[in-house]
Amino acid sequence: MENTRVYADSMVVPRSAPMPAAPGAGTRRLWWHLAEMALAMVVGMLLLGPLWDAAGAPLGLTGTLGRPDVAALVMATNMTVGMTVWMRYRAHHWRGVVEMAAAMYVPFLLVLVPFWAGRLDGDVLMLVGHLLMVPAMVLVAVRHRHETPVAVRRHPAVVALAHRWPTGLALLITVDMWVEPTVLNPWTMLFLPGGYLLIGVVRRTLRGPGVLATQLVGLVAWVALTLAAVAVGGQTAAWLVALGWLAHAGWDLAHHRTGRVVPRWYTEGCAVLDTTLAGIMILAILSGAV
């Protein structure tokens, strides 16, 4: 954020004099802001979506919440809540927050009329609403890109939680499996080494003594584990899958210490995700769900 100074990581205040921005910094900051908004919206949906379902069932609202028009507005609300929390944490003015919230709702409101008139079905309603949301978000972000942030005092607990956002996001991704523990398909283990190789290629971090060789050894190991699980099937395969995910958590921690190949935020989130999923799968096996 330009025009700000952070004190003790818990207070953001405007600077008395703006610093000259490097060429291209404004565009990078704009795209980063949009990426943050998208991530905050996803978190809002992951966190609040199950709460709507849990509250709707005892109130007899399951059918109502399942209607496409209601579902669209509920989704817009979930995204707006996540986006609002993050924008205020990042010291944005309320007027910018309100306009970004409008960018969530207005696209859906525009297509509700033809939906109610029977001109659109539920799938098209969702698709068009999301497509219109993108330029609306960009427009709001461009309009407020030069605003001076407001002074925000953050509680130390909030700061600590924000710093551990990869952990929080990983836990949110696994919420559905907490409710219905199961064992993942063996082929999902191929994503574990594949993610490192893909990121390494994009970031060009596979150079250096033994770096690429280490990643290829990991690829061979998890491919062999995957093929073994597919071949044996049954509960043995379930154990191989669970232990494969758990072993990758150790792989994440080793890379987190070295900082090689992938960013540390990725290894943090991946380690938490791998450990949590492995634990859920082990519980599923021990409880006889598999």
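The first residue in the sequence is number 1, and the count goes up from there.
- Shown here are the ring pair (Phe, Tyr, Trp, His ring centres under 6.0 Å) partners of W222, two or more places apart in sequence or in another chain: H248, W251.
- Among residues two or more places apart in sequence or in another chain, the salt bridge (Lys or Arg N to Asp or Glu O under 4.0 Å) test is passed with R95 by E147.
- Proximity of R264 to T267: side-chain heavy atoms (C-beta onward) are separated by under 4.5 Å at one or more points.
- T275 and A249 make their closest contact through OG1-CB, 3.3 Å (heavy atoms, listed as atom of the first residue, atom of the second, distance).
- To the nearest 0.5 Å, the span separating CE on M133 from CZ on F108 amounts to 4.0 Å.
- To the nearest 0.5 Å, atoms CG (L169) and CG (L39) are separated by 5.5 Å.
- Listed by first and then second residue, the side chain to side chain donor-acceptor pair (under 3.5 Å) pairs involving residues 117-136 amount to none (not counting sequence neighbours).
- Residue pairs satisfying the side chain to side chain donor-acceptor pair (under 3.5 Å) criterion with at least one member in residues 74-85, sequence neighbours excluded, are listed as follows: W52-N78, T77-Y105.
- Smallest separation of non-hydrogen atoms from A72 and L125: CB-CD2, 4.3 Å.
- For E268, the side-chain contact (heavy atoms from CB on, under 4.5 Å) criterion is met by R164, P166, T167, H256, not counting sequence neighbours.
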In a table with atom names and distances, give each donor-acceptor pair under 3.5 Å that connects a side chain of residues 191-212 to protein atoms at least two apart or in another chain.
{"unit_1": "Y196", "atom_1": "OH", "unit_2": "D252", "atom_2": "OD1", "d": "2.6"}
{"unit_1": "R203", "atom_1": "NH1", "unit_2": "V261", "atom_2": "O", "d": "2.9"}
{"unit_1": "T205", "atom_1": "OG1", "unit_2": "V261", "atom_2": "O", "d": "2.7"}

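- Sorted by first and then second residue, the salt bridge (charged side-chain N to carboxylate O under 4.0 Å, His left out) pairs with a member in residues 131-144 read E99-R143; sequence neighbours excluded.
- L171 and L253 are assigned to two separate hydrophobic clusters, defined by single-linkage of ILVMFWY side chains at heavy-atom distances under 4.5 Å.
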task = Output, in order, the C-alpha distance, side-chain angles, deciding distance and verdict of side-chain contact (heavy atoms from CB on, under 4.5 Å) for D274 and L246.
result = CA-CA 6 Å; D274 295 345; L246 187 60; over 6 Å; no
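- The two residues F115 and G122 come nearest to each other via the heavy atoms CE1-N, 3.8 Å.
- A 4.5 Å side-chain heavy-atom check between M37 and R90 finds every atom pair outside the cut-off.
- The same ILVMFWY cluster, assembled from side-chain heavy atoms under 4.5 Å apart, contains both V241 and W178.
- Between V140 and A103 the shortest heavy-atom distance is CG2-CB, 4.3 Å.
- Counting only heavy atoms from C-beta outward, the side chains of E36 and M83 never approach each other to under 4.5 Å.
- Note on W86: it clusters hydrophobically with L46, by side-chain heavy-atom contacts below 4.5 Å among ILVMFWY residues.
- Hydrophobic clustering, with ILVMFWY side chains joined whenever heavy atoms are under 4.5 angstrom apart, keeps V85 apart from M75.
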Using distance only, find each side-chain donor-acceptor pair of residues 276-290 under 3.5 Å and give its atom names and separation, not counting sequence neighbours.
{"unit_1": "T276", "atom_1": "OG1", "unit_2": "V272", "atom_2": "O", "d": "2.7"}
{"unit_1": "S287", "atom_1": "OG", "unit_2": "L283", "atom_2": "O", "d": "2.9"}
{"unit_1": "S287", "atom_1": "OG", "unit_2": "A284", "atom_2": "O", "d": "3.1"}

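- Residues satisfying the side-chain contact (heavy atoms from CB on, under 4.5 Å) criterion with D53, sequence neighbours excluded, are absent altogether.
- Here W187 pairs with nothing under the ring pair (Phe, Tyr, Trp, His ring centres under 6.0 Å) rule; sequence neighbours left out.
- Looking at every heavy atom in both residues, P107 comes nearest to G129 through CB-O, 3.4 Å.
- The environment of W32 atom CH2 is sparse: at most 12 non-hydrogen atoms of other residues, nucleotides or ligands sit within 6.0 angstrom.
- Nearest heavy-atom pair across T182 and M177 is O-CE, 3.2 Å.
- Sorted by first and then second residue, the ring pair (Phe, Tyr, Trp, His ring centres under 6.0 Å) pairs involving residues 53-72 (not counting sequence neighbours) form an empty list.
- Taking hydrophobic clusters as Ile, Leu, Val, Met, Phe, Trp and Tyr residues chained together by side-chain heavy-atom distances below 4.5 Å, V223 shares a cluster with L240.
- Here salt bridge (charged side-chain N to carboxylate O under 4.0 Å, His left out) pairs that include residues 63-84, with residues two or more places apart or in two chains, are R67-D69.
- Counting heavy atoms from C-beta on, the side chains of H93 and R88 never come closer than 4.5 Å.
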